[in-house]
Amino acid sequence: QLHVVESGGGLVQPGGSLRLSCAASGFSLDQYAIAWFRQAPGKEREGVSCISSRTGFTYYPDFVKGRFTISGDNGKNTVYLQMNSLNPEDTAVYYCAALRSFLCIVTPNQVGYWGQGTQVTVSS
């Protein structure tokens, strides 16, 4: 079976860092792009990053560019999201997702498999 499981969320102070993990099962990272989405209370789910191991392409929207870094470990079949300089606006449930192809089309309708989500709270 194919699924992804994310972990690594928690409580962090403003300016701090967290590293999220997305463990993929049933497929290798070259088959499907892996994207991260987040959803804050009362807000739409939005894409925050993507990696295509097949092509080496990475994606970051402007609101995380320079702060977040996505990477993959093919040996562990795991994708990581390093989040630095966090602020309270980054508070959300973060979801890992395997997309429908290797392309980083970061929209919810392109998601093949969702993780269950991990809570990130940025607060003093």
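- Among residues two or more places apart in sequence or in another chain, the side-chain contact (heavy atoms from CB on, under 4.5 Å) test is passed with S123 by L11, T121.
- Put simply, CD1 on I51 and OG on S53 are 4.5 Å apart, with the number rounded to the nearest 0.5 Å.
- Residue pairs meeting the salt bridge (Lys or Arg N to Asp or Glu O under 4.0 Å) criterion with at least one member in residues 41-56, sequence neighbours excluded, are R38-E46.
- By the criterion of side-chain heavy atoms lying less than 4.5 angstrom apart, applied directly or through intervening Ile, Leu, Val, Met, Phe, Trp or Tyr residues, L86 is grouped together with I70 in one hydrophobic cluster.
- Within the structure, no pair that satisfies the ring-ring contact (aromatic ring centres under 6.0 Å, His included) test touches residues 48-94, not counting sequence neighbours.
- Within the structure, every pair that satisfies the side chain to side chain donor-acceptor pair (under 3.5 Å) test and touches residues 4-20, not counting sequence neighbours, is listed here: S17-N84.
- Counting only residues at least two apart or in different chains, side chain to side chain donor-acceptor pair (under 3.5 Å) contacts with residues 67-77 comprise R67-D90.
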Enumerate, atom names and distances included, each donor-acceptor pair closer than 3.5 Å involving a side-chain atom of residues 103-115, sequence neighbours excluded.
unit_1: T107; atom_1: OG1; unit_2: N109; atom_2: OD1; d: 2.6

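- The cluster map of Ile, Leu, Val, Met, Phe, Trp and Tyr, joined by side-chain heavy atoms under 4.5 Å apart, puts L81 and V79 in the same cluster.
- The shortest heavy-atom contact between S49 and P61 is N-CD, 4.3 Å.
- Taking CD1 from I34 and OG1 from T78, the interatomic distance works out to 9.5 Å, rounded to the nearest 0.5 Å.
- Residue pairs satisfying the salt bridge (Lys or Arg N to Asp or Glu O under 4.0 Å) criterion with at least one member in residues 99-124, sequence neighbours excluded, are absent.
- Here the CD atom belonging to Q82 is positioned 8.5 Å from the CG atom belonging to L18, to the nearest 0.5 angstrom.
- W36 and V64 fall within a single hydrophobic cluster, where Ile, Leu, Val, Met, Phe, Trp and Tyr side chains are chained together by heavy-atom contacts under 4.5 Å.
- For residues 1-21, the set of pairs meeting the ring-ring contact (aromatic ring centres under 6.0 Å, His included) definition, not counting sequence neighbours, is empty.
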In sequence, state the C-alpha distance, the side-chain angles, and the governing distance for T91 and Q119, and then conclude on side-chain contact (heavy atoms from CB on, under 4.5 Å). CA-CA 8 Å; T91 295; Q119 176 71 49; 4.0 Å; yes
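- Between F37 and V48 there is no side-chain heavy-atom pair separated by less than 4.5 Å.
- The shortest side-chain heavy-atom distance between V93 and V120 does not fall under the 4.5 Å cut-off.
- Here the closest non-hydrogen pair linking L99 and C50 is CD1-SG, 4.0 Å.
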Quick one: side chains of residues 22-33, donor-acceptor pairs under 3.5 Å with protein atoms, not counting sequence neighbours, listed by atom name and distance.
unit_1: S28; atom_1: OG; unit_2: D30; atom_2: OD1; d: 2.3
unit_1: S28; atom_1: OG; unit_2: Q31; atom_2: OE1; d: 3.4
unit_1: Q31; atom_1: OE1; unit_2: S28; atom_2: N; d: 2.9

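- Pairs engaging residues 111-120 under the salt bridge (Lys or Arg N to Asp or Glu O under 4.0 Å) rule: none recorded [sequence neighbours left out].
- Here S52 pairs with T55 under the side chain to side chain donor-acceptor pair (under 3.5 Å) rule; sequence neighbours left out.
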